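Okay, so here's the structure we're looking at.
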Protein chains: 2
Amino acid sequence: MAEEKKLVEEITAREVDFTQWYTDVVKKARLMSYSSIKGFMNYLPNGYAIWENIQKQMDARFKENGVENVYLPMLIPESLLEKEKDHVEGFAPEVAWVTKGGNNELEERLCVRPTSETMFCELYKTLVHSYRDLPKTYNQWCSVVRWEKTTRPFLRSSEFLWQEGHTAFATAEECEEFTIRMLNVYADFTEEVLAIPVVRGQKTDKEKFAGAENTYTIESLMPDGKALQCGTSHDFGDGFAKAFDIQYTDKDNQLHYVHQNSFGYSTRMIGAIIMVHGDDSGLVLPPRIAPTQVIIIPIRQDSECVSEKAKEIEATLRKAGFSVKTDFSDKRPGWKFSEAEMLGIPLRIEIGPKDLEKGKCVLVRRDNREKTEVDISEVAEKVKELLDTEQQALYDKAKKYMDTHISEAHTYDEFKDCIENKPGFVKAMWCGDEACENQIKADTTATSRCMPFGAEPIDGKCICCGKPAHKLVYWGKAY
Amino acid sequence: MAEEKKLVEEITAREVDFTQWYTDVVKKARLMSYSSIKGFMNYLPNGYAIWENIQKQMDARFKENGVENVYLPMLIPESLLEKEKDHVEGFAPEVAWVTKGGNNELEERLCVRPTSETMFCELYKTLVHSYRDLPKTYNQWCSVVRWEKTTRPFLRSSEFLWQEGHTAFATAEECEEFTIRMLNVYADFTEEVLAIPVVRGQKTDKEKFAGAENTYTIESLMPDGKALQCGTSHDFGDGFAKAFDIQYTDKDNQLHYVHQNSFGYSTRMIGAIIMVHGDDSGLVLPPRIAPTQVIIIPIRQDSECVSEKAKEIEATLRKAGFSVKTDFSDKRPGWKFSEAEMLGIPLRIEIGPKDLEKGKCVLVRRDNREKTEVDISEVAEKVKELLDTEQQALYDKAKKYMDTHISEAHTYDEFKDCIENKPGFVKAMWCGDEACENQIKADTTATSRCMPFGAEPIDGKCICCGKPAHKLVYWGKAY
């Protein structure tokens with residue numbers, strides 16, 4: 001048993017040091033490795049496969065909403081980046097500049113895209129002329145570069161993978177409707193597939209995207225009580241359209257500016273999955289996002305009956321649509337159990353000579369290690385049932401955690417105490433003044449996470465300045 | 001009919017100007033548009049959807065061969081690019097250099113990846129220690145930048161999308177086997193899915209990849225008689241392993257260098273599809289790669305019976321697994337026919353009141369416009385049959401073209417005449433001396449495309465210098 005223990009002992013316990021636990025899991029589950037360029041990481045097969053699953057399922061949801069995929073150049077001319085004032089101020093300080101192409105100095109330097117609003121605007125200017133050309137709802141899956149000072153695997157790195165949707169609509173109403181619709185696509189996906197509950201709401205002006213009129217966000221809570229911004233959808237109104245002169249002729253033969261939106265979701269969600277569901281034995285992957293859903297581990301695989309039956313079960317499960325592997329490596333079963341747990345595989349099937357005699361095998365859930373003995377003839381039905389149950393159990397557990405980590409403050413002392421001693425979101429009223437947000441951040445390091453949709457005021461005055469306040473804000477420390 | 005005619009008239013006939021025809025089709029089918037940066041293009045939905053289909057099907061074939069997907073940084077430090085001598089000489093003149101990150105000058109400049117051998121080598125050095133860590137067969141889907149002087153949509157641009165596989169094996173034999181295996185994956189995919197016949201063979205030293213011991217290639221023939229390199233698979237031997245010091249401990253407890261291979265396939269294949277199959281009415285897409293396989297065009301869609309039946313047929317076909325759309329737009333049927341042809345949709349279904357009376361609809365193939373009247377109750381079976389037939393017909397036609405455009409030369413005069421007057425491949429013997437290749441290129445602009453696998457010598461002496469020759473080469477002008 002020494003080896004198995006060692007495998008687990010190499011992970012720091014969450015209670016001891018959550019940050020170190022995270023780094024340990026990321027490495028031991030071989031999700032990523034550091035490259036030689038500071039802040040840039042290698043996405044290894046176990047990590048990238050999670051992203052592929054996110055892509056596949058998210059992309060299907062996009063397509064149901066009429067989104068079409070495209071690919072635009074990764075380099076942006078400086079003059080284009082500068083066209084929208086707020087946007088360039090937000091991004092220019094953190095971009096990588098290309099100054100030389102081949103052996104020649106470039107006449108105009110180009111930045112590696114930190115986001116592509118400007119490129120899509122330039123494209124839409126050439127594609128949109130009449131109301132018949134609208135709406136445009138394009139999206140691209142790509143990587144972006146933002147020169148970060150401090151980085152952490154998946155959560156913050158100088159290059160990351162994401163999708164960025166960019167749209168153009170005839171009216172402000174259609175644009176706003178789509179902006180919220182995409183936020184709900186993110187929220188539903190995150191809850192249904194990643195089993196991570198979220199709060200849906202609007203960002204304050206201070207926290208919104210550079211160049212946006214309104215930014216909507218989904219926020220989740222990590223087990224250390226810190227908030228993580230999961231996905232954002234921005235309504236630009238006609239600000240970019242005016243900066244880039246994107247106009248269309250309406251049925252009334254008049255020229256109008258288009259209204260635009262953008263929305264993004266990134267590989268940082270791999271970080272969220274790790275933190276929200278993982279435990280001291282490693283990753284715990286929700287069945288709907290796990291690259292391998294079931295691992296079969298034969299006990300006494302030297303017995304031909306056992307290995308044959310293992311292959312048979314694998315074939316049955318694959319045919320039923322599950323992603324399944326059998327571990328025939330020359331390691332001992334105990335070691336294989338630990339490794340399967342480290343990798344977060346939702347369900348393990350143990351099968352040995354004694355099980356075979358009874359025509360049974362044993363199913364073990366990753367999340368709670370619950371064992372179920374099942375007839376081999378019923379294995380596909382049982383696997384489906386247990387994976388569904390586990391998916392729901394992971395969501396329920398995370399939801400319960402979030403619900404019990406939202407506190408409420410009515411005075412500034414109460415607020416500071418909550419931020420200091422009650423990890424999670426703190427609900428408190430806000431007057432709408434950015435000065436109060438700055439004060440709160442200076443005093444507590446907490447930031448406004450969002451103004452949740454449909455939230456009722458819990459008080460009449462600002463938690464910070466005491467002036468009349470109508471806006472309920474979820475505050476918190478954040479990643 | 002004026003509008004329909006106009007739509008087609010906007011395409012230059014192939015006979016008149018093949019190059020202009022290509023550009024016209026690319027634009028009219030809305031596959032791409034030019035960006036404001038010279039040599040960089042926007043992949044629009046119709047073009048990108050073809051790439052998505054290539055990705056999906058190619059990726060499945062890779063995974064059957066044990067390939068795992070990863071993602072490595074897009075930027076490469078100059079010192080890393082320089083580690084393998086031939087490699088840096090091949091690529092340094094055509095890379096884009098990042099010299100500034102955020103507001104700071106970088107200590108070492110970074111290039112935007114033109115290809116990622118060096119990054120994978122650096123990764124493998126950290127991952128490979130023992131024979132148990134081998135083989136490594138990683139792949140990434142990404143874009144690369146190569147600063148090109150002259151560019152053409154899909155065929156040559158400064159940024160393009162591709163996949164690049166990079167491997168490490170214990171022995172030279174395994175590496176060579178895998179190199180050839182991947183070439184055959186490309187060849188089979190190109191012939192079976194894209195319906196483009198290819199010649200499989202080996203590159204001469206002059207034409208091989210920078211840093212490779214052997215480069216294998218698949219070459220196809222375009223309708224103007226020019227060759228197109230479709231995909232390449234390179235055997236590096238242990239050259240990169242020595243430059244990057246990638247060693248593993250074998251079972252005998254001795255250190256050995258790994259043997260490596262890389263293989264790539266890109267969006268230039270969209271260009272090949274356009275050229276090989278297209279006609280004077282626009283694109284012709286092989287059914288297995290067409291984003292939309294079937295378009296239903298209702299005649300008299302104002303009739304509720306017609307539009308209901310059209311929807312019913314669409315649902316039936318979708319359920320049967322076909323990608324299908326119905327054009328309910330307010331354009332006239334004739335215009336819709338022309339547009340569907342322009343977009344290359346393999347099968348069109350016409351359904352009007354008269355067809356309905358008979359319980360029939362009309363299926364029209366894109367490639368030869370052949371019409372088939374079928375019972376609506378049998379539409380799914382018939383669609384399958386016709387799509388299969390069309391896929392095969394496109395391949396057969398292209399194969400016949402290629403087979404009848406391979407000529408043979410035994411004297412240098414004959415050779416020059418062939419290159420000048422017989423578009424296609426020219427088979428001729430070569431002594432193995434690079435000087436002869438250079439001479440041939442200077443005299444004819446033709447290059448050695450490949451030395452086909454299993455080709456028998458057709459003569460005993462070099463076509464250029466007359467010295468003894470054992471190698472049969474396919475020569476040609478190339479894209």
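These numbers come from a predicted model, not from an experiment. Throughout, protein chains are lettered first and strands after them, A, B, ... in sequence-line order, and every chain is numbered starting at 1. Just the heavy atoms: all of them, side chains too, but no hydrogens, waters or symmetry mates, feed the values below.
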Structural part of B:K136 lying under 4.5 Å from a heavy atom of chain A: neither
Bottom line for B:S36: the part with an atom under 4.5 Å from chain A's heavy atoms is both
What part of A:R109 lies closer than 4.5 angstrom to a heavy atom of chain B: side chain, backbone, both or neither? side chain
Nearest-0.5 Å distance that lies between atom CG in A:N104 and atom NZ in B:K149: 7.5 Å
Please find the pair of heavy atoms, one from A:L44 and one from B:L127, that lie closest to each other, and give the distance. CD2-CD1, 4.3 Å
Of the listed residues (B:S158, B:G47, B:S143, B:A92), which shares the most heavy-atom pairs with chain A below a 4.5 Å separation? B:S143
Testing the 3.5 Å rule here: is there a donor-acceptor pair between the side chains of B:S35 and A:E122? no
Given the options B:A96, B:G101, B:S157, B:P114, which has more heavy-atom pairs under 4.5 Å with chain A than any of the others? B:G101
Does a side-chain heavy-atom distance below 4.5 Å link A:P73 with B:M41? no
What part of A:D330 lies closer than 4.5 angstrom to a heavy atom of chain B: side chain, backbone, both or neither? neither
Atom NZ of A:K27: over 12 foreign heavy atoms under 6.0 Å: no
State, with a plain yes or no, whether a side-chain heavy atom of B:S33 is found less than 4.5 Å away from one of A:L123. yes
Can you tell me if NZ on B:K100 sees more than 12 non-hydrogen neighbours from other groups inside 6.0 Å? yes
When you compare the side chains of B:E159 and A:Y71, does any donor N or O come within less than 3.5 Å of an acceptor on the partner? yes
Segment of B:E52 engaging chain A (4.5 angstrom heavy-atom cut-off): side chain
Checking heavy atoms, do the side chain of A:L72, its backbone, both or neither come under 4.5 Å from chain B? both
Looking only at heavy atoms and a cut-off of under 4.5 Å, which of A:E148, A:E94, A:M74 has the most pairs with chain B? A:M74
Would you give the length of the straight line joining atom CD1 of A:I76 to atom CZ of B:F40, rounded to the nearest 0.5 angstrom? 11.5 Å
Taking the side chain as every heavy atom from C-beta outward, state whether B:V70 and A:N42 have any atom pair closer than 4.5 Å. no
Cationic N near anionic O, under 4.0 Å, A:E107 to B:K38: no
Which atoms of A:L106 are under 4.5 Å from chain B, going by heavy atoms: the side chain, the backbone, both sets, or neither? side chain
Report which part of B:Y138 has an atom under 4.5 Å of a heavy atom belonging to chain A: side chain, backbone, both, or neither. side chain
Heavy-atom contact with chain A under 4.5 Å, split by part of B:M32: neither
Heavy atoms only, distances under 4.5 angstrom: which of B:L80, B:N139, B:N46, B:N103 has the most pairs with chain A? Name it, please. B:N103
Any side-chain heavy atom of B:P45 within less than 4.5 Å of one from A:N69? no
Return the minimal non-hydrogen interatomic distance between B:L110 and A:W147, and the atom names on each side. CD1-CH2, 3.8 Å
